[in-house]
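Presented below is the structure to which this report refers.
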Amino acid sequence: MNQPTNALVVSSGAAPAAKRPSGQRWPKIWGPRMWKLLALVAVLFAYRLWVVRHSGISLFFDEAQYWDWSKHLAWGYFSKPPLIAGLIWLSTALFGSGVLGVKALTMLLYPATALSMVGLARALWPTSSGVRTGMVAGALFMTIPMVGLMGMFASTDAPLILCWTLASWALWRAQVTNRMSHWFLLGVACGVGLMGKYTMAAFALTAVWTLWAVHGPQRGLLRPGPWLAFLVALALLSPNLMWNATNGFPTLQHTVELTAQSDRSGGILPTLVFLAGQVLMLGPVAVIAGLWLYKRQPLPGTSMPGNTAPTSQWAASSQMMLPSQWKNSTQATMPSQPGNQGEQAPKRPVVRNSAYYLASVSSYRFLWAMSIPLQASAIVQALYADAHVNWAAPSMVGFTLLIASRLSAPLVPLAAPRPTSWLIAALASNLVLTSITLHLRDAVGPTLSSKYDVLVRMRGWQEAFADLAPELEDPVVTGLPVLTDSRLFITEAAYHWRRYNVQTLAWNPKQQRQDHYEMTRSLPNKVGADVLLLTSNPKPDEITKRFAIIQHMKSTTIAVGPDRNVEMHLFFLRGFLGYDQKTYLEQSGADKPPAPDEQ
């Protein structure tokens, strides 16, 4: 049970500095509960590896693209910063280039996030029950449908969510202690997060709120700590900024176009769909549990008049008073000692940077600040031009901790009753919902409509490319580059034909720069090239008419559902004539008048 200590402080005006409390230390993390959490994390991680292995899926388009990038490491790419390519490079170096080898390291970042949430919870609520809240949050996070599905893929969201969690942890500790080491760690977390996905920039909204709203030794920007964090983050991001400057800022332009100039239409219905997606990402039962328990027992501090807290709550918590809080604080008077049980304990004003106020009030506001700004930005985007359901994925960390604080309160004795039935229902329902989503095809069979198969876009690629692969061994075409008219095909071909070390090229007659491959691997507009053409179009006349000789080599069609196929056609094209007639005439010399001796 948490025992009351002298770490609880109340206002006393110009009070003398309190002596350092004796015997104060952070509540321990390691113990039976942590081993249970680790066991759950290990089982779920192994299960997701098994699903990837036995479901017959290959890499998703984005994963194949990131794998291709990892073979050409740079400080930036057209649509993303370089962190995901570096992670996949390291993952394949450790685990091989198979499907699991590409995914493994990124998949591990979700368990790392769950464990980091325990540390964040202990920082917010430095009590034994607060640590337990963190473990409940970690278990809940590992089971929410968002992680159940995204946790099987190598995506930029995995490092983003981890860095968002670590940055939140560092920001809280930096603000309540003002120690330079924590500000430095905040800069590292933000800088690494930005190198993974620019969405990390939205964390600035959380940071700005925290600098003024969380009462530490100092507030605001007029101190070295926040600027140290900014400079460290900027230093880590600077290689990518220099790469963008050298290449015409393609990543920044792509990000702006994706969010502000989308060709999709927003509105009320897309916004409602987006909000429904957020509930599904957390798990409907978990959301209902959080709302129901909040209604029955509001979060500490939300119903306090002014700046007061009932002293009857203080004895049920055991806060560690941070060194920054020893100054200008004094010990609390403990309520209702034996012999005066009938007396009404008065409410006392609380110092805003006291351990109790930080844990019972500021911590919950901080969690909302971790989530609401990013959610609000995504909702505005959904109204304006639609938004993908994962665009606010980092906000799930704060929401999960808020729900966990209702399922296992952080400021109560360990022996206090908990709504265990709600906790079991939330965890079980999340697992059932995720399992149904992943295994519905296994249960129904291949007749399941493709729109209900969440893995359908990863099916059929291995079989299709394996069917066409023998054609690459023909001595006539061995070593020729593979030309495609689709970014999907160029990435999947690079991965599935990796043992042939094929060079992939993009068909780009208008010389555009709308994706990474148009920017870096367009077929040069030079007459005479021979290529292999891979396309889904059985009659790609717009391409074949620009070659002198056309030979169809093979076609393949792999059914991945009753209403969906993977269809590919392979052609051998000789004698590129240029993208247009003018190019052909100029480079071939056909537009020049004949010499006098030839007349």
Side-chain angles (χ1 to χ4, degrees), residues 60-70 72-88 155-157 159-160 163-164 190-205 230 233-266 270 274 373-374 376-394 484-488 490-491 494 504-525 579:
F60 186 57
F61 155 69
D62 286 340
E63 294 176 297
Q65 178 176 241
Y66 302 151
W67 174 87
D68 192 31
W69 292 356
S70 75
H72 308 85
L73 290 177
W75 283 115
Y77 303 92
F78 179 86
S79 60
K80 295 290 188 298
L83 181 59
I84 186 63
L87 285 172
I88 291 178
S155 74
T156 54
D157 288 311
L160 171 65
C163 289
W164 192 280
C190 290
V192 174
L194 286 166
M195 288 292 274
K197 195 172 185 179
Y198 289 160
T199 304
M200 189 72 204
F203 189 78
L205 300 174
F230 172 77
L234 182 62
L236 290 173
L237 183 61
S238 60
N240 178 251
L241 294 177
M242 289 187 287
W243 179 91
N244 268 279
T246 303
N247 292 275
F249 294 97
T251 317
L252 295 175
Q253 291 178 7
H254 171 77
T255 302
V256 171
E257 291 172 358
L258 189 64
T259 56
Q261 302 174 17
S262 173
D263 57 1
R264 296 169 298 166
S265 59
F274 174 80
L374 184 58
S377 300
I379 291 171
V380 171
Q381 173 65 20
L383 281 168
Y384 177 74
D386 203 359
H388 292 294
V389 71
N390 67 311
W391 282 3
T484 76
D485 56 354
S486 161
R487 191 159 53 108
L488 171 63
I490 201 171
T491 57
T504 52
L505 297 173
W507 177 255
N508 189 12
K510 297 181 180 180
Q511 298 299 297
Q512 296 176 321
R513 287 165 52 99
Q514 295 184 349
D515 61 56
H516 176 77
Y517 297 100
E518 288 184 348
M519 186 178 76
T520 63
R521 296 192 209 168
S522 292
L523 174 67
N525 193 17
Y579 284 119

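- Closest approach of P81 and G196 over heavy atoms only: CD-O, 3.8 Å.
- Y579 places a side-chain N or O within donor-acceptor distance of the main-chain N or O of N508, the cut-off being under 3.5 Å.
- Here the straight-line distance linking atom OH of Y66 with atom CD1 of I84 works out to 6.5 Å at 0.5 Å rounding.
- Between atom OG of residue S238 and atom CH2 of residue W75 there is a gap of 8.5 Å, rounded to the nearest 0.5 Å.
- Tested against W69 for a ring pair (Phe, Tyr, Trp, His ring centres under 6.0 Å), the candidates Y517, F78, Y77 yield a single pass: Y77.
- Put simply, OG1 on T504 and CD1 on I490 are 4.0 Å apart, with the number rounded to the nearest 0.5 Å.
- Residues R521 and D68 are paired through a salt bridge, judged by an N-O separation under 4.0 Å between the basic side chain and the carboxylate.
- Between S486 and T484, the shortest heavy-atom contact is O-OG1, 3.0 Å.
- Counting non-hydrogen atoms of other residues, nucleotides and ligands closer than 6.0 Å to CZ of F61 gives a total above 12.
- P250 is listed as a side-chain neighbour of N244, based on a closest heavy-atom distance under 4.5 Å.
- In this structure a side-chain-to-backbone donor-acceptor pair under 3.5 Å is missing from N390 to A393.
- In this structure, the separation between NZ on K510 and OG on S522 is 13.5 Å, given to the nearest 0.5 Å.
- Proximity of a side-chain donor or acceptor of Q253 to a complementary backbone N or O of G248 within less than 3.5 Å is detected.
- Between L160 and L83 the shortest side-chain heavy-atom distance does not fall below 4.5 Å.
- Contact check for L194 versus L236: no side-chain heavy atoms found under the 4.5 Å cut-off.
- Using a 4.5 Å cut-off on side-chain heavy atoms (C-beta onward), Q65 and R487 make contact.
- Summarising the geometry of L374 relative to A202, their closest heavy-atom pair is CD1-CB, 3.8 Å, with the distance given to 0.1 Å.
- Annotation: side chain to side chain donor-acceptor pair (under 3.5 Å) contacts of S377 (sequence neighbours excluded): none.
- One finds the CD atom of E518 at 9.0 Å from the CD atom of Q511 (value rounded to the nearest 0.5 Å).
- The side-chain heavy atoms of F274 and I379, taken from C-beta on, include a pair separated by under 4.5 Å.
- The side-chain contact (heavy atoms from CB on, under 4.5 Å) search around C190 returns A167, L186, M200, F203, A233, not counting sequence neighbours.
- Using a 4.5 Å heavy-atom threshold, the side chains of L237 and M195 count as touching.
- Remark: W243 CH2 is packed, more than 12 non-hydrogen atoms of other residues, nucleotides or ligands lying under 6.0 Å away.
- In plain terms, the two heavy atoms of A85 and S70 that are nearest each other are O-CB, 3.3 Å.
- Remark: H254 NE2 to R513 CZ distance equals 13.5 Å, nearest 0.5 Å.
- When the salt bridge (charged side-chain N to carboxylate O under 4.0 Å, His left out) test is applied to K197, the partners found at least two apart in sequence or on another chain are D157.
- In this structure the side chain of N240 reaches within 4.5 angstrom of the side chain of P82, judged on heavy atoms.
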